[in-house]
Amino acid sequence: MSRAGAALLALLLCAAAAVVTAEDPYLFFTWNVRYGVVSTMGVPQQVITINGQFPGPVINCTSNNNIVINVFNFLDEPFLLSWNGIQQRKNSWQDGMPGTNCPILPGQNFTYHWQAKDQIGSFYYFPSLGMHKAAGGYGPIRIHSRLLIPVPFAPPADEYDVLISDWYGRRTHKELTSFLDSGRRLNRPRGVLINGKGSAGAGAAPAFFMEAGKVYRYRVCNVGLKASLNFRIQGHKLKLVEIDGSHTMQNVYDSLDVHAGQCYSVLVTADQTPRDYFLVASTRFQRTVQTATAVIRYAGSNAPPAAELPVAPTTWAWSLNQWRSFRWNLTASAARPNPQGSYHYGQINITRTIKLASSTASVGGKLRFALNGVSHRDADVPVKLAEYFGIAGRVFKYNQITDEGTSPGAAVKLEPNVITAEFRTFIEIILENPETSIQSYHLDGYSFFPTGMGPGKWTPESRKTYNLLDAVSRHTIQVYPKSWSAIMLTFDNAGMWNLRSEIWDRRHLGQQLYISVLSPERSLRDEYDLPENALRCGAVVGLPLPAPYTI
């Protein structure tokens, strides 16, 4: 081989090695968290802003991107951010929950570094301490498929983030915290917001634009504290294409119930007469319906929207039947080339069934909510750090609840609620709601398969009604009043993961727990080590670092 040929070969080999060893792309953000004042419903209200924005800025990324966010806390109290639906593979250190991270103190900063590993879809971030979420601090996350991975619909003309929420604007988040801690619960909100704004009238500036004949993607997330919300667009159909990070069969709906903590993507075709139209979000399962509207304007339009809004559904049975219509798209690729449906969850043997029953009780004369008789309280040190530094026994006790649930009226204990799950086991969780209001649950670190729902109490016979083929893999699921929901998943993501009520007064007052999933091998193949920049607090301050995980 000539010298020139050898040089060319060496260059090609070096280029190939660079491709093999190259990291996935990085996106860098600097976020300043401050108080601000906005008029959400015509009245000035203190909110939490990020870089002066309410809601906060969008994270617009692609599967496997590395996200680095330096968060500066300019509030007068500790602060944390969590990432609803981001699985944080092997990395619960970045989950941003009080059980995994020490808070960012006032005047301090912390840099999150997480990867959108093998995920696509619509998600959001939110503040996880106290009642901060009631004041804002939330924003949208878009994770796009990589260019080589086919998407089961044509690229839309544009994408819009739609953050819908109830809004308790009569009190600041600090007043709401004191209100709940005094033994009361949240009742009727002041109203409903769409992207941080109250209802827009016919003459309001448009929030969204469409051009006749084109198709648009609306990413809709319920970032509120409590209310289930119905989403619809005047005169237009909604083609469902994604739920909580999974492509769905593309059924068409007039409206969608979006329960607390859930995200949906719909395609909307601009196939109506050019004019303005109302996008509508209204409360469900309340005695008095509260509604917010935003204006969609067709290009070239100067006609106001029709005054009559599309009719919302009324019963929770309608909502249950809509959930039953959702199906996973088994032929669509997800974040990897293999189809979503290549994972046959219905053919895996269940190794453990955990029944979690909610309850309401008085502890020390104050209102608390519980799961299986334990109302969770956060420890002085995050339970994940206590576990990592080997002082768990000084901070909390594992498995203070059984897998059998509890009956309404049972005594309730107030303590950190941490259960263990064996690494890589396939587990069924039954979420029981013996109460008269709808509930919603989220599990950090995972997607799960919601295989069944039904009224009354769950029994083993209920498994005969399960969807064991194409339930939509997702991270948040509702439980209707006096009903149950069943989910299944493999606990293959080592770490400490929060399972919580997305009904925020219930979560704040104890209806949550943590699931410790430990790899017996303490291997970096299963879980990352404590980050070098990890904040320390409480009993782990000053302790020597444990031996690092092995490869």
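Heavy atoms only: backbone and side chains are in, while hydrogens, waters and symmetry mates are out. Along the sequence shown, the residues carry numbers beginning at 1.
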Does this structure show an ion pair linking Arg474 with Glu242, if we count only N-O contacts that are shorter than 4.0 Å? no

Quickly, which of Tyr112, Tyr138, Trp31 forms a ring pair (Phe, Tyr, Trp, His ring centres under 6.0 Å) with Tyr125? Name it, please. Trp31

Between Asp444 and Arg500, does any NZ, NE, NH1 or NH2 come within less than 4.0 Å of an OD or OE carboxylate oxygen? yes

Is a salt bridge present between Arg507 and Glu502, judged by a nitrogen-to-oxygen distance below 4.0 Å? no

Does any non-hydrogen side-chain atom of Val374 lie less than 4.5 Å from one of Asn372? no

Side-chain heavy-atom pair Ser501, Ser440 within 4.5 angstrom cut-off: no

Decide yes or no on side-chain hydrogen bond (donor to acceptor under 3.5 Å, both in side chains) for Ser63 and Arg336, but give the supporting numbers first. CA-CA 9 Å; Ser63 295; Arg336 300 169 302 282; over 6 Å; no

Decide, yes or no, whether a salt bridge links Arg377 with Glu415 under the criterion of side-chain N to carboxylate O below 4.0 Å. no

Reference residue Phe54; test side-chain contact (heavy atoms from CB on, under 4.5 Å); the match among Asn195, Ile48, Thr40: Thr40

Worked check of salt bridge (charged side-chain N to carboxylate O under 4.0 Å, His left out) between Lys90 and Asp526: CA-CA 6 Å; Lys90 306 192 297 184; Asp526 300 328; over 6 Å; no

Arg232 vs Ser255, side-chain hydrogen bond (donor to acceptor under 3.5 Å, both in side chains): CA-CA, chis, key distance, verdict: CA-CA 5 Å; Arg232 53 204 185 271; Ser255 69; 5.9 Å; no

Are His132 and Phe79 close enough that their ring centers fall under 6.0 Å? yes

Looking at Phe179, does the NZ or CZ of Arg171 lie under 6.0 angstrom from its six-membered ring centre and within 45 degrees of the ring axis? yes

Ring centroid separation for His113 and Tyr26, is it under 6.0 angstrom? yes

Would you say the ring centroid of Tyr168 lies under 6.0 angstrom from that of His173? no

Does Tyr388 have its ring centroid less than 6.0 Å away from the ring centroid of Trp93? yes

Pairing of Lys174 and Asp76 as salt bridge, 4.0 angstrom limit: yes

Can you spot which of Leu443, Asn417, Asn498 makes a side-chain contact (heavy atoms from CB on, under 4.5 Å) with Ile515? Leu443

Considering residues, nucleotides and ligands other than Lys197, do more than 12 of their heavy atoms fall under 6.0 Å from its NZ? no

Is the gap between the ring centers of Tyr160 and Phe208 under 6.0 Å? yes

Does the pair Tyr549 and Tyr528 meet the rule for a ring pair (Phe, Tyr, Trp, His ring centres under 6.0 Å), with working shown? CA-CA 8 Å; Tyr549 293 153; Tyr528 298 138; 9.6 Å; no

Any salt bridge between Asp505 and Lys226, counting N to O under 4.0 Å? yes

Going by side-chain contact (heavy atoms from CB on, under 4.5 Å), name the residues that satisfy it together with Arg297, two or more places apart in sequence or in a different chain. Pro206, Phe209, Asp276, Ser301

Is the backbone of Thr100 close enough, under 3.5 Å, to the side chain of Asp95 for a donor and an acceptor to pair up by distance? no

Does Ser319 reach the side chain of Phe285, with side-chain heavy atoms less than 4.5 Å apart? yes

Stepwise, does the side-chain hydrogen bond (donor to acceptor under 3.5 Å, both in side chains) test hold for Ser516 with Thr420? CA-CA 5 Å; Ser516 172; Thr420 57; over 6 Å; no

Is the shortest distance from a Lys or Arg side-chain nitrogen in Arg89 or Glu527 to a carboxylate oxygen in the other one below 4.0 Å? no

Assess the residue pair Gln478 and Ser228 against the criterion (side-chain hydrogen bond (donor to acceptor under 3.5 Å, both in side chains)); give the C-alpha distance rounded to whole Å, side-chain angles, the decisive distance to 0.1 Å, and a yes or no. CA-CA 9 Å; Gln478 70 273 16; Ser228 296; over 6 Å; no

